[in-house]
Amino acid sequence: MSNISIPITKTTQSKLSDTDFSSLVFGKSVSDHMFVADYQEGAWGDFRIVPYGPMEIYPGNATLHYGQAIFEGMKAYKNEKGEVLVFRAEANAKRLNESAKRMCMPTLPENVFLEALKQLLSLDRDWVPQGKGSSLYIRPFMFAMDNYLGVKPSDTYRFMIFTSPVGAYYSKPVSVKVETTYTRACEGGTGEAKAAGNYAASLFPALLAQKEGYDQLLWTDGKTHSQIEESGTMNVMFKIKGTLITAPTHGGTILKGITRDAVLQLAKDWEQPVEERFLAVSELEDALTKGSLEEAFGVGTAATIAFITKIKVNGQDYLLPEPKPDAFSKRVLLELDSIKYGEIQDPHQWMLTI
Ligand code: COI
């Protein structure tokens with residue numbers, strides 16, 4: 001699909017001057033416009049950019065009943081020249097389509113995704129905050145639109161993108177609890193899809209952990225609960241005796257994180273030893289007991305690099321020291337930020353300039 005025409009209806013009531021860019025809370029503010037596309041009779045069309053606002057759906061909307069809904073998370077940054085840079089947009093366009101296939105939804109041509117993104121960000125470029133630590137979070141998503149109660153894949157869908165200026169998702173290092181009762185994903189399930197239902201299923205166990213004083217869970221495999229998979233809002237990495245260890249993503253249970261992929265690429269560039277393998281809960285416990293766990297951190301779009309400060313395993317809390325400035329997690333955060341804010345070369349062509 002080429003020459004995509006996207007009519008724009010501009011807002012007459014911009015919220016820009018009412019938004020306090022000095023104290024951005026993740027997900028609270030939304031920018032002025034949104035992109036909308038509808039899928040009907042086997043094709044995407046009716047592309048438009050309109051003011052962000054409510055939309056009408058029928059009570060029988062299939063998403064509300066059977067949960068065909070997927071999403072992406074990405075970020076745009078502003079460099080010193082005021083240009084807008086988006087991190088790894090093509091990877092998100094591809095991953096959306098992988099999720100779509102798993103959830104029996106139509107794929108969206110990548111050029112539609114990218115063109116919509118470019119036009120939306122060009123229009124709302126003043127919403128991209130300037131300054132380290134803040135960015136414009138971008139939320140592309142797709143959901144079923146049929147007004148029909150039979151259980152079947154919907155025939156109609158909507159794809160949308162809206163954006164939100166944000167600060168840090170986690171404002172301080174996080175505490176996590178190894179979850180061995182509840183399951184996030186199991187083989188053959190939907191774990192690797194960025195499906196809304198995966199997040200819904202995680203809320204109750206996460207709430208229980210939060211009541212105990214932990215920020216997040218470390219999910220374990222659904223069958224034996226004996227190996228670490230990922231955390232609630234991010235992939236997770238450990239450095240033990242000099243080696244970076246993170247769960248492999250080919251088994252269908254773990255989200256193929258784009259930040260995870262970027263961190264592994266930088267580790268490779270720096271000749272940092274890496275093992276993509278499952279870390280057993282017993283191995284984690286052993287490393288914590290013996291003091292050989294050097295670093296633990298989450299990696300994700302919203303979370304960026306989230307340092308882990310406390311881990312509960314088998315009823316026991318272990319505290320992790322603050323990473324030193326030369327720690328891998330610190331260096332990788334600095335390098336990624338420098339690339340994202342356009343301060344250094346972008347050797348892997350990750351940034352799309354709008
Ligand atoms: C992201 O990191 O973009 C996510 O989608 C995680 C979460 C905010 C749901």
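Residue numbers start at 1 and run along the sequence shown. Because only heavy atoms are used, hydrogens play no part in the values below, and waters and symmetry mates are left out as well, while side chains stay in. In listed order, ligands and their atoms are each counted from 1.
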Show every donor-acceptor pair shorter than 3.5 Å between a side-chain atom in residues 319-336 and any protein atom, with sequence neighbours excluded, or say none if there are none.
from: S329; atom 1: OG; to: E295; atom 2: OE1; distance (Å): 2.5
from: R331; atom 1: NE; to: D326; atom 2: O; distance (Å): 3.3

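For H225 and T220, the side-chain atoms include at least one donor-acceptor pair closer than 3.5 Å.
Taking the charged nitrogens against the carboxylate oxygens, E192 and R102 have no contact shorter than 4.0 Å, which rules out a salt bridge.
Residues satisfying the side chain to side chain contact (heavy atoms under 4.5 Å, CB included) test with R184, not counting sequence neighbours, are N198, W219, E230.
Near ligand 1, heavy-atom contacts under 4.0 Å come from F71, G73, Y137, R139, Y169, K194, Y199, T233, T301, A302.
Taking the ring centre of F87 as origin, the terminal cationic atom of K340 falls inside the region bounded by 6.0 Å and 45° from the ring axis.
Alongside F278, the hydrophobic cluster contains I254 (criterion: ILVMFWY side chains under 4.5 Å).
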